[in-house]
J.: 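Have a look at this one.
Ligands are counted one by one from 1 in listed order, and the atoms in each one are counted from 1 as well. We use all heavy atoms of the structure for the numbers below, so side chains are in, but hydrogens, waters and symmetry mates are not.
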Amino acid sequence: MNVLGIESSCDETAAAVVRPDGEVISDVIASQIAEHAPYGGVVPELASRAHLRAILPVIEEAVAELPRGLDDIDAVAVTNGPGLVGALLVGLSAAKAIAWSRGLPIVGVNHLDGHLLAVYLRRGDDDPPPPPMPYVALLASGGHTALYEVRSEEEILLLGQTRDDAAGEAFDKAAKLLGLGYPGGPVIDRLAREGDGLAFDFPRPMAKKGNIDFSFSGLKTAVAYHVKAHGVPEDDAALADVCASFQHAIVESLVTKALAACEMTGVRHLVLTGGVAANSGLRQHARDAAVKVGVTVHVPPFASCTDNAAMIAYAGARRLARGERDGLDIAPFSRAPGRKRGKIRDR
Ligand code: KG4
Ligand code: ZN
């Protein structure tokens, strides 16, 4: 069975073909980074228009991997929330048109379910072994930062989340303040490698033990004050120190809370996902800290961490395997766009 996945919730137009066991047949992404870079963030109206231009070529490229193209597609899975409504509508319209014209089943997929299950995608021979359930997942991207306990594909519990900015958003805003361009995560990551993470003492909010929510807006303000007081560092070493100290504050907060969530739930496997999971400091610090407390860290390959349609196709394929279907009336946010915060059970 070949499932066509379509993703257009934010600033990537993506289509992929995935088998129900997670095998990725194709995975195509048209990025809009250049479109939004001058504004330092995603502009919703520009995103919708760019999706309109890219959606059909991206789908055509994804199905071109199959011997008979679209004729070899058995079902369609499409992101229907959360995300920018105008952007979501583009992917949904394309998915519905394909499903209707070919009489194929269609399922809506929660974008966050896609990220949380992306660790099961199989891309090639060097795939890391997938984690057993339950696992704790740290989902940190430009739009979301939260901790979940994934007990099964259907039982996913929200444990904690950011009260304000997402971690990726904090990277992007700090980079803007430092004149480093958009998106900020990769460039701060690169500069931080040359700097001293302890050079400046940026705040680590909500550090109280037992609290597994996040807050990053104060950190961004601290960078803004730093720039106001000292200006944007002119020499490379000083800039690297600011980047390293900023990244260290974020990484420490993410890792401390993720491991606290493991301890509170008694779960021994931690999955890092979302665009921020690409951060080299986060990967390293998570692995170093986790090994000390007997937790195994799983990080999907970069292509599975950032927004992609393969994760949507896979999460959709799992819904289909459970016999679930949606109708052509599926709309943005029409099914479970969020998660209820769950009580951490005693084990
Ligand atoms: O998951 P993603 O591709 O899209 C969203 O759903 O938001 O994540 C994009 C975010 C951006 O904020 C970007 O700055 C951040 O992930 N990011 C990183 C790195 N690579 C991407 N943040 C820190 N370090 C990185 N290496
Ligand atoms: Zn995402």
J.: Check each protein residue for a heavy atom under 4.0 Å from ligand 1 and list those that pass, ordered by chain and number.
T.: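 Residue list for ligand 1: His115, Ser141, Gly142, Gly143, Gly168, Phe171, Asp172, Pro183, Gly184, Gly185, Pro186, Asp189, Gly274, Gly275, Val276, Ala278, Asn279, Thr306, Asp307.
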J.: If the threshold is 4.0 Å, N to carboxylate O, is there a salt bridge linking Lys292 and Asp288?
T.: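 Looking at Asp288 together with Lys292, the answer is no, because their closest N to O distance does not fall below 4.0 Å.
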J.: Using the six-membered ring wherever Trp is involved, compare the ring planes of His230 and His226 and label them parallel, tilted or perpendicular (cut-offs 30° and 60°).
T.: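 Correct class here is tilted.
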J.: Can you tell whether the side chains of Arg49 and Glu35 come within less than 4.0 Å, N to carboxylate O?
T.: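 No.
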J.: For the side chain of Ser26 and the backbone of Ala62, is there at least one donor-acceptor N/O pair under 3.5 Å apart?
T.: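 Here the side-chain-to-backbone pair exists.
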J.: For the rings on Tyr182 and Tyr39, is their centre-to-centre separation under 6.0 Å?
T.: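 Ring-ring flag for Tyr182/Tyr39: false, centres at least 6.0 Å apart.
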J.: Should the pair Asp27-Arg123 be classified as a salt bridge under the 4.0 Å nitrogen-to-oxygen rule?
T.: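 Arg123 and Asp27: salt-bridged.
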J.: Listing by chain and number, which protein N, O or S atoms are under 2.8 Å from the Zn ion (ligand 2)?
T.: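 Listed by chain and number, the nearby protein N, O or S atoms are His111 NE2, His115 NE2, Asp307 OD1.
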J.: Parallel, tilted or perpendicular for Phe246 and Phe202, by the 30°/60° rule?
T.: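 Rings of Phe246 and Phe202: perpendicular, as their planes differ by over 60°.
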J.: Verify whether one side chain among Ser217 and Asp165 offers a donor that lies under 3.5 Å from an acceptor in the other.
T.: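 Per modelled atom types, Ser217 and Asp165 side chains form no pair under 3.5 Å.
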J.: Rounded to the nearest 0.5 Å, how far apart are CZ of Phe214 and CG of Asp164?
T.: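 Those atoms lie 11.5 Å apart.
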